[in-house]
Colleague: 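Before we start, here is the structure in question, set down as structure tokens.
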Protein chains: 2
Amino acid sequence: MSAHIFVVEDEKPIQTLLRYNLEKEGFKVSSSENGEEALSLIKEKKPDLILLDWMLPDLSGIKICQYLKHDKKVKDIPIIMLTAKGEEEDKVKGLESGAEDYLTKPFSFPELLARIKAMLRRVKPTAVNEEIIYLDLKVDRVAMKVYRQNKEVSLGPKEFKLLDFLITQPKRVYSREQLLEQVWGEDINVESRTVDVHITRLRQAINIDGSKPLIRTVRSAGYSLEN
Amino acid sequence: MSAHIFVVEDEKPIQTLLRYNLEKEGFKVSSSENGEEALSLIKEKKPDLILLDWMLPDLSGIKICQYLKHDKKVKDIPIIMLTAKGEEEDKVKGLESGAEDYLTKPFSFPELLARIKAMLRRVKPTAVNEEIIYLDLKVDRVAMKVYRQNKEVSLGPKEFKLLDFLITQPKRVYSREQLLEQVWGEDINVESRTVDVHITRLRQAINIDGSKPLIRTVRSAGYSLEN
DNA sequence: CAGAAGTGTTACAGATTTGTTAAATGTTTA
DNA sequence: TAAACATTTAACAAATCTGTAACACTTCTG
């Protein structure tokens with residue numbers, strides 16, 4: 001669980017509480033107490049999810065929502081709105097202004113956590129699960145370990161990320177370009193042939209004696225986990 | 001575990017139950033059945049944490065909260081509010097009035113205990129645990145001592161905090177940034193390489209003859225306790 | 001079938017990351 | 001205040017990882 005959550009909340013106790021609990025869950029947390037600051041920080045840090053308090057000293061939550069949803073770079077980041085009252089009207093406005101979900105204060109943390117996980121599962125499946133298993137292959141994201149047939153196999157950083165990405169959607173074929181973008185990074189300048197080499201290394205690493213190859217090549221398309 | 005908890009609760013059975021269970025956990029417990037008395041006792045005894053029932057015969061929980069939060073000497077004592085079910089609005093007021101957390105009655109004791117420990121860990125980490133043991137390594141937070149194979153090893157302050165943090169979730173890999181944030185402090189400006197040096201010293205310190213290394217390096221990711 | 005295009009694999013130079021030591025600076029304690 | 005202890009940074013060696021080129025091999029296309 002390695003998602004980055006941004007908390008916009010001016011009430012210190014609640015902010016502290018949220019930060020503490022979210023970090024305990026393994027999330028990376030950034031926060032801000034006012035709208036202006038939040039806006040610039042969000043654009044800079046690009047979190048995976050935003051918890052947004054409805055009532056803020058300067059900009060209202062609704063305004064922040066609107067700004068964010070009109071900014072191409074951040075408009076896809078899901079927003080969970082936190083409101084003080086169960087006022088239907090606020091809820092409507094909140095959802096209209098682009099918030100993906102909505103929670104009434106005070107809320108129980110487990111309830112919030114459930115919503116967060118649900119949201120992240122939808123938007124960034126890789127961020128939620130700690131252990132992903134496919135056939136006889138297991139990826140433990142917390143311990144950063146990989147097992148094949150219950151035996152640990154050691155991977156280099158790139159190999160790990162590559163497998164970690166491939167296993168989120170087994171059988172799905174990813175192009176070299178997609179893999180470069182997801183595993184290497186957006187603006188990195190690397191030849192697509194490089195992917196091939198790492199696939200080879202990954203194949204060798206997760207190959208236990210005569211076990212199935214597990215990485216499928218799709219000619220002129222890319223690679224997928226499965227075989 | 002030597003924290004002092006003050007319980008403000010007018011329902012006798014619940015108070016008894018709380019006292020019994022908390023004492024069994026090793027906490028020192030004081031209590032009061034009405035708000036006036038609670039206020040003066042709290043100022044006198046300065047407990048580490050307050051469990052506050054929302055519904056009291058004389059002063060309401062919210063009033064107590066407000067009084068406490070405006071008194072310099074006790075305003076930093078965390079308050080966990082206990083409310084009856086369905087009093088949504090009350091919870092809002094509770095948090096607004098300064099309570100750090102709240103719990104809806106009826107609650108399970110383990111749940112309450114978890115919240116208490118979480119809260120204390122934040123406010124007064126030394127008061128909470130206990131003893132954490134992982135393999136042949138033992139961290140005694142109260143005595144601030146560390147043992148390997150039942151032999152005490154001496155650590156510097158940073159080394160202790162580092163190990164103390166790592167051991168809370170063995171096998172979990174923490175990035176240097178996470179460690180800096182958790183062990184050094186949020187806005188401290190220190191190079192991430194510093195972590196390496198402390199890890200080295202920690203390794204040397206907890207290394208008894210030919211024992212397992214216990215601290216794993218995950219290249220390009222960070223460190224974890226385990227090996 | 002021959003050529004073209006796509007892929008697997010290897011080797012290697014260069015880049016990155018980490019372990020460790022030592023020296024400089026800061027902090028506590030007697 | 002001096003001595004002891006802690007902390008941070010710099011520096012260098014060692015370990016590991018990475019990207020590319022080169023070549024072999026396979027699959028496709030006409």
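Residue numbers begin at 1 in each chain, while the letters A, B, ... track the order of the sequences. The figures that follow rest on heavy atoms only: side chains count, while hydrogens, waters and symmetry mates do not.
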Colleague: Separation of A:I188 atom CD1 from C:dT16 atom C1', in whole Å?
Modeller: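 Rounded to whole Å, this separation is 13 Å.
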Colleague: Between B:E181 and A:R19, does at least one N-O distance fall below 4.0 Å, as a salt bridge requires?
Modeller: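 Yes, this pair counts.
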Colleague: Whole Å only: how far is the CZ atom of A:F160 from the P atom of D:dT18?
Modeller: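 The distance from CZ of A:F160 to P of D:dT18 comes to 13 Å, rounded to the nearest Å.
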Colleague: Round to the nearest Å and state the distance from B:E191 atom CD to D:dA11 atom P.
Modeller: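 Roughly 11 Å, once rounded to whole Å.
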Colleague: Both A:G222 and B:G222 contact DNA chain C. Which one's nearest nucleotide lies toward the 5' end?
Modeller: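 The residue closer to the strand's 5' end, by nearest nucleotide, is A:G222.
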Colleague: What nucleic acid atoms does B:V218 come within less than 4.0 Å of, heavy atoms only: base, sugar-phosphate, or nothing?
Modeller: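 B:V218: backbone/sugar contact only, no base atoms under 4.0 Å.
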Colleague: Enter the distance from A:K138:NZ to A:I132:CD1 here, rounded to the nearest 0.5 Å.
Modeller: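 The distance works out to 12.5 Å.
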Colleague: Scan nucleotides 19-30 of chain C nucleotide by nucleotide, 5' to 3', and note B when protein non-hydrogen atoms come under 4.0 Å of the base, S if they reach only the sugar-phosphate, - if neither.
Modeller: BBB---------
Colleague: Can you spot which of A:N207, A:I208, A:L137 makes a side chain to side chain contact (heavy atoms under 4.5 Å, CB included) with A:L214?
Modeller: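 Testing each of A:N207, A:I208, A:L137 against A:L214, the sole residue satisfying side chain to side chain contact (heavy atoms under 4.5 Å, CB included) is A:L137.
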Colleague: Would you mind reporting whether A:L22 and A:L51 have side-chain heavy atoms less than 4.5 Å apart?
Modeller: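 SC-SC contact between A:L51 and A:L22 confirmed.
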Colleague: Would you indicate what B:H198 reaches in the nucleic acid, counting non-hydrogen atoms under 4.0 angstrom: base, sugar-phosphate, or nothing?
Modeller: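 The answer is base, as B:H198 lies within the cut-off (heavy atoms under 4.0 Å) of a base atom.
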Colleague: Mind listing the N/O atom pairs, protein and nucleotides 13-15 of chain D, below 3.5 Å?
Modeller:
unit_1	atom_1	unit_2	atom_2	d
D:dA15	N3	B:R219	NH2	3.3

Colleague: Of A:G156 and A:T194, whose nearest nucleotide on DNA chain D comes first from the 5' end?
Modeller: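 Comparing both residues, the 5'-ward one is A:G156.
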Colleague: Classify the angle between the aromatic ring planes of B:H198 and B:W184 as parallel (below 30°), tilted (30 to 60°) or perpendicular (above 60°).
Modeller: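 The arrangement is perpendicular - the two ring planes meet at more than 60°.
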Colleague: Just how far, in rounded Å, is C1' of C:dG6 from CZ of A:R216?
Modeller: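 Checked: the CZ to C1' distance equals 16 Å.
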Colleague: Whole angstrom is fine here: how far is it from NZ in A:K161 over to P in C:dT17?
Modeller: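 So the NZ-P distance, A:K161 to C:dT17, works out to 11 Å.
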Colleague: Measuring from A:D136:CG to A:Y147:OH, what's the distance to the nearest 0.5 Å?
Modeller: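 With rounding to 0.5 Å, CG (A:D136) is 14.5 Å from OH (A:Y147).
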Colleague: Taking only Lys NZ, Arg NE, NH1 and NH2, and the carboxylate oxygens of Asp or Glu, determine whether A:D196 and A:R193 approach each other closer than 4.0 Å.
Modeller: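 Result for this pair is yes, salt bridge flagged.
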Colleague: Measure CG/B:N189 against C1'/D:dT8 and give the value in whole Å, please.
Modeller: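 B:N189 atom CG is separated from D:dT8 atom C1' by 11 Å.
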Colleague: What is the distance, to the nearest angstrom, from the CG atom on B:L180 to the C1' atom on D:dT8?
Modeller: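 So the CG-C1' distance, B:L180 to D:dT8, works out to 11 Å.
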Colleague: Does a salt bridge link B:R201 with B:E159, judged by any charged N lying under 4.0 Å from a carboxylate O?
Modeller: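 Judged by the 4.0 Å cut-off on N to carboxylate O distance, B:R201 and B:E159 do form a salt bridge.
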Colleague: Look up atom CE in A:M144 and atom CG in A:L155, then write down how far apart they are to the nearest 0.5 Å.
Modeller: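 One finds 11.5 Å between CE of A:M144 and CG of A:L155.
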Colleague: Would one find a side-chain N or O of A:W184 under 4.0 angstrom from OP1 or OP2 of D:dG19?
Modeller: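 Yes, A:W184 has a side-chain N/O under 4.0 Å of OP1/OP2 on D:dG19.
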Colleague: Please report the distance, rounded to the nearest Å, between CG in A:L202 and P in C:dT9.
Modeller: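 Rounded to the whole Å, the gap is 12 Å.
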